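Just so it is clear, the values below take in all heavy atoms, side chains as well, and ignore hydrogens, waters and symmetry mates. Note that this is a predicted model, so its numbers are computed, not measured.
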Amino acid sequence: MSADPKVIDALERAEIPYEIMDCHPDLADTAAFCEAYGVDPGESANTILVASRRPAGHHAACVALATTKVDVNGTVRRRLGVKKVSFAPADLTVELTGMEIGGVTPPGLPDGIPIWVDQAVVGVESVVIGAGTRSAKIRLRGADLARLPGAEVVPGLAVPLG
């Protein structure tokens with residue numbers, strides 16, 4: 001299995017150039033992928049679904065470089081307008097996105113899930129993102145993620161690790 005067809009379809013509809021990179025499913029997690037395939041973590045972006053807890057029912061897909069972490073308790077909580085928010089559990093992520101954990105990615109997400117892209121991601125000339133499955137990754141221009149329907153660039157969405 002390679003990239004999820006709905007992911008490729010979304011990229012094609014948005015006329016975004018991309019490269020599919022096959023990967024072993026056991027190496028799909030970011031750190032393992034970067035090490036095994038020689039990708040700089042500063043050129044790899046994670047898509048993390050966040051879910052509100054109080055009140056429940058608010059979600060967003062947050063895209064941040066692997067060298068950063070999503071500011072869940074600050075920027076995300078304020079943007080969602082909720083009191084409590086956290087990373088969505090794996091089962092909810094799969095249910096809402098229709099994608100495998102380790103492959104969740106902005107292209108191909110269902111309508112209604114906002115896509116928030118950290119400003120740092122759009123500044124990366126070439127970035128690797130998920131492909132909807134654990135068997136592939138996609139390389140594209142960071143700025144092209146902002147061209148996806150429903151995507152919004154959010155300064156301060158992520159903060160440096162450490």
Side-chain angles (χ1 to χ4, degrees), residues 1-12 14 16-51 59-76 85-94 96-109 113-148 150-162:
M1 181 195 258
S2 192
D4 185 318
K6 70 178 169 274
V7 171
I8 300 306
D9 184 55
L11 290 168
E12 298 283 339
I16 294 175
Y18 63 91
E19 171 192 351
I20 296 175
M21 304 170 67
D22 289 330
C23 78
H24 190 282
D26 291 344
L27 300 172
D29 294 326
T30 304
F33 175 83
C34 288
E35 184 176 333
Y37 295 97
V39 173
D40 182 328
E43 294 179 352
S44 179
N46 294 316
T47 303
I48 299 169
L49 188 71
V50 294
H59 308 95
C62 299
V63 185
L65 293 175
T67 54
T68 65
K69 62 181 179 179
V70 175
D71 184 13
V72 175
N73 294 316
T75 304
V76 172
V85 68
S86 61
F87 299 130
D91 59 338
L92 181 62
T93 298
V94 171
L96 292 178
T97 68
M99 298 179 192
E100 294 179 25
I101 299 298
V104 176
T105 191
L109 285 174
I113 297 178
I115 301 167
W116 297 343
V117 182
D118 185 62
Q119 179 72 45
V121 175
V122 299
V124 177
E125 182 58 32
S126 176
V127 68
V128 175
I129 61 172
T133 72
R134 293 184 61 85
S135 301
K137 299 288 183 183
I138 293 174
R139 183 181 290 276
L140 45 67
R141 289 182 55 242
D144 284 341
L145 288 171
R147 295 180 36 221
L148 290 168
E152 181 181 355
V153 177
V154 179
L157 179 66
V159 296
L161 290 173

Chemist: Kindly indicate whether the side chain of Val117, heavy atoms from C-beta on, has any atom under 4.5 Å from the side chain of Ile115.
Modeler: yes

Chemist: So, for Ala36 and Leu27, which heavy atoms are closest and what is the spacing to 0.1 Å?
Modeler: CB-CD1, 3.7 Å

Chemist: Please determine whether side chain to side chain contact (heavy atoms under 4.5 Å, CB included) holds for the pair Arg141 and Val124, giving the CA-CA distance in whole Å, both sets of side-chain angles, and the decisive distance to 0.1 Å.
Modeler: CA-CA 7 Å; Arg141 289 182 55 242; Val124 177; over 6 Å; no

Chemist: With a 4.5 Å limit on heavy-atom distance, are the side chains of Met21 and Val128 in contact?
Modeler: yes

Chemist: Using a 4.5 Å cut-off on heavy atoms from C-beta on, say whether the side chain of Ile20 contacts that of Asp22.
Modeler: yes

Chemist: Please evaluate residues Ile8 and Tyr18 with respect to the criterion side chain to side chain contact (heavy atoms under 4.5 Å, CB included), reporting the C-alpha separation (whole Å), side-chain torsions for both, the decisive distance (0.1 Å), and the verdict.
Modeler: CA-CA 9 Å; Ile8 300 306; Tyr18 63 91; 3.2 Å; yes

Chemist: Under the criterion side chain to side chain contact (heavy atoms under 4.5 Å, CB included), I'd like the reasoning laid out for Thr133 against Ser2: C-alpha separation, chi angles, the key distance, then a yes or no.
Modeler: CA-CA 7 Å; Thr133 72; Ser2 192; over 6 Å; no

Chemist: Start with the C-alpha distance between Asp144 and Val122, add both sets of side-chain angles, then the distance that settles side chain to side chain contact (heavy atoms under 4.5 Å, CB included), and finish with yes or no.
Modeler: CA-CA 7 Å; Asp144 284 341; Val122 299; over 6 Å; no

Chemist: Is Ile129 close to Leu140 at the side-chain level, that is, under 4.5 Å between some pair of heavy atoms?
Modeler: yes

Chemist: Kindly give the heavy-atom pair with the smallest separation between Cys34 and Ser44, and that separation in Å.
Modeler: SG-CB, 3.7 Å

Chemist: Measure across Pro107 and Leu11 and return the closest heavy-atom pair with its distance rounded to 0.1 Å.
Modeler: CG-CD2, 3.8 Å

Chemist: Considering non-hydrogen atoms only, spot the tightest contact between Val63 and Pro106 and give its length.
Modeler: CG2-CG, 3.4 Å

Chemist: Within the 4.5 Å heavy-atom criterion, are Val39 and Arg139 side-chain neighbours or not?
Modeler: yes

Chemist: For residues Phe87 and Val50, determine if any side-chain heavy atom of one lies less than 4.5 Å from a side-chain heavy atom of the other.
Modeler: yes

Chemist: Please report the shortest heavy-atom distance between Gly132 and Thr105, naming the atom on each side.
Modeler: N-CG2, 3.8 Å

Chemist: Is the shortest side-chain heavy-atom distance between Ile113 and Leu96 below 4.5 Å?
Modeler: yes

Chemist: With heavy-atom distances below 4.5 Å as the criterion, would you say the side chains of Leu65 and Val127 are in contact?
Modeler: yes

Chemist: Sequence neighbours left out, what pairs pass side chain to side chain donor-acceptor pair (under 3.5 Å) with at least one residue falling in residues 61-74?
Modeler: Asp71-Thr75

Chemist: Are the charged groups of Lys6 and Asp9 less than 4.0 angstrom apart, N to O?
Modeler: no

Chemist: Once side chain to side chain donor-acceptor pair (under 3.5 Å) is applied, what residue pairs with a partner in residues 23-40 remain, sequence neighbours excluded?
Modeler: Asp29-Arg134, Thr30-Asn46

Chemist: Could you check Leu49, Val104, Thr93 and say which one makes a side chain to side chain contact (heavy atoms under 4.5 Å, CB included) with Met99?
Modeler: Val104

Chemist: Locate the shortest heavy-atom distance separating Ala146 from Val153; write the atom from each residue and the value.
Modeler: CB-CG2, 3.6 Å

